[in-house]
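One-based numbering, in listed order, for ligands and for the atoms of each. In what follows, every heavy atom counts, from backbone to side chain, and hydrogens, waters and symmetry copies are set aside.
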Amino acid sequence: MGDYRELWRSLEMDLEKHDLLCEALPPLYEGVYLSQENRPQGMSYFNFVVSEVHGLRIQELKEHKEKGGKVLGTFCLYVPDEIINAAGAIGVGLCGGSQFWVPDGEKVLPRNMCPLIKAFVGAKVGRTCPYFQSCDMLVGETTCDGKKKAWEILNEYTPTHVMELPQMKRDADFSLWFQEVKRFKEKLEELTGNKIDGEKLSDSINLINQKRKALKRLYETRKADPVPISGKDALLISQIAFYDDIERFTAKVNELCDELEERVEKGIGVFPKGAPRIMVTGSPMAIPNWKLHHIIEESGAAVVCEETCTGTRYFEKMVEPQGDTERDFLEAIAKRYFNINCACFTPNDQRIDDIIRLAKEYKVDGVIYYNLQFCTTYAVEYGRVEKALKNAGIPLLYIETDYGNEDVGQIKTRIDAFLEMIR
Ligand code: BJ8
């Protein structure tokens, strides 16, 4: 990474503390990613993005702001990217995936709370994330209780708009959600001074659908045996999707897919043919949370699918307008987002259907249910998923963990035993 100290200083970051983070990332990345064998050539772009994660992209955000553009930070898949883009703003995903930020989060939050929330709050409180420092506005949403209350804290640092997400999927709930989407559009028009019209919405819908299609294409290649790309690499790409430039990212994913499709044709894989195939389902894995995938793949199994917000939930559904008025576009956006299946909804049967469908599509040998510690909604939903998978004859393992390394040995032992059972 180049020298960005001036840039970081201009963002009022805690440089000394941030240096510690910059020192910790390269060895972690080296051990988890660069040590893999036979990686696709196309991963070199994503290696570069990670090496510049707090550099070049932040520089781009700064240049955007200097031209009068706005930067928005988001934390959840329900916040519509199309509207942010149509307002001429840049959206960046701010969920924290590192233990590094947790102690600062615990200064203002209870300790017995999900590490993802503690990490993102800690990143802001400690001024160690240049993405947070670049944001003109944060966008929260009423999903789980911990997040709901975290917005009140973040609002003390950066203006935070909260979208009210209903937690049932009846017609009346959709009407409420549609109003929220419209309110969000108005809020962004006010923030950016840009009117969002039908044409801009249509262009944004197309642009972001292209990004989703590229990710879908990537995931399609993971259905092959041998699998042409590791689960760790696929996860990294999903994580980068949350903050990279949309057009560039889409082009690079498509380039990589050309290579992966060729690999599939030639039967080239990163794991031997017949290696155990695992699907991960549950809580999201924000960058640089690679813990579970690394353990699974070090044990010789391939992660071939993620039914998570850093997986299929992010790209599976497209925005499909039924007409060409501004209202049609907004309605299609609202519908697409409302149909995401997060455990904060009740009931959430469609997620269970998705898990079974994906397990079959990706021909998995077993499912690992990943629960971030203290994430109640996903923990409770486990019981229903367990029953459904048992009925479908699909082996399942439950792993609850945080961002620390203390339990790595124990998780590895459990995963080894699970793989032994399904081999
Ligand atoms: S759509 S999963 S991104 S809310 S923060 S719920 S891990 S206790 S992130 Fe989420 Fe949107 Fe749903 Fe996806 Fe649990 Fe932690 Fe809450 Fe979390």
Around [atom], find the nearest protein heavy atom and jot down its residue, atom name and distance.
atom                     : value
atom 10 (Fe) of ligand 1 : Lys147 NZ, 3.6 Å
atom 15 (Fe) of ligand 1 : Cys114 SG, 2.4 Å
atom 2 (S) of ligand 1   : Tyr378 OH, 3.3 Å

query = Sorted by chain and residue number, which protein N/O/S atoms are under 2.8 Å from atom 12 (Fe) of ligand 1?
reply =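 Protein N/O/S atoms under 2.8 Å of atom 12 (Fe) of ligand 1: Cys342 SG.
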query = Under 3.5 Å, is there a donor-acceptor pair between the side chain of Arg57 and the main chain of Glu52?
reply =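 No; zero donor-acceptor contacts below 3.5 Å.
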ask   = Okay, side chain of Lys65, backbone of Ser134: is any donor-acceptor separation there less than 3.5 Å?
value = yes
key: Pi-cation contact, Phe178 with Lys182 (under 6.0 Å, within 45°)   = yes
Could you give the side-chain donor-acceptor pairs of residues 314-323 under 3.5 Å, partners two or more places apart or in another chain?
residue, atom, partner, partner atom, Å
Tyr314, OH, Lys211, NZ, 3.0
Tyr314, OH, Ala241, O, 3.4
Glu316, OE1, Arg357, NH2, 2.8
Glu316, OE2, Arg357, NH1, 3.2
Lys317, NZ, Asn339, O, 3.2
Gln322, NE2, Glu320, O, 3.2

ask   = When you check the side-chain N and O atoms of Glu307 and Thr281, is any donor under 3.5 Å from an acceptor?
value =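 Looking only at side-chain atoms, Thr281 and Glu307 do form a donor-acceptor pair, the distance falling under 3.5 Å.
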Gln239 versus Trp290, side-chain donor and acceptor atoms under 3.5 Å = yes
query = Would you say Cys375 reaches atom 15 (Fe) of ligand 1 with an N/O/S atom under 2.8 Å?
reply =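 Given the 2.8 Å cut-off, Cys375 does not count as a ligand of atom 15 (Fe) of ligand 1.
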ask   = What atoms of ligand 1 come within less than 4.0 Å of a heavy atom belonging to Ile117?
value = 5 (S)
ask   = For Asp19, which residues count as a salt bridge (charged side-chain N to carboxylate O under 4.0 Å, His left out) partner, sequence neighbours excluded?
value =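 If we apply the salt bridge (charged side-chain N to carboxylate O under 4.0 Å, His left out) test to Asp19, skipping adjacent residues, the hits are Arg5.
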task = Can you sort out the partners of Glu255 under side-chain hydrogen bond (donor to acceptor under 3.5 Å, both in side chains), two or more places apart, ordered by chain and number?
result = none
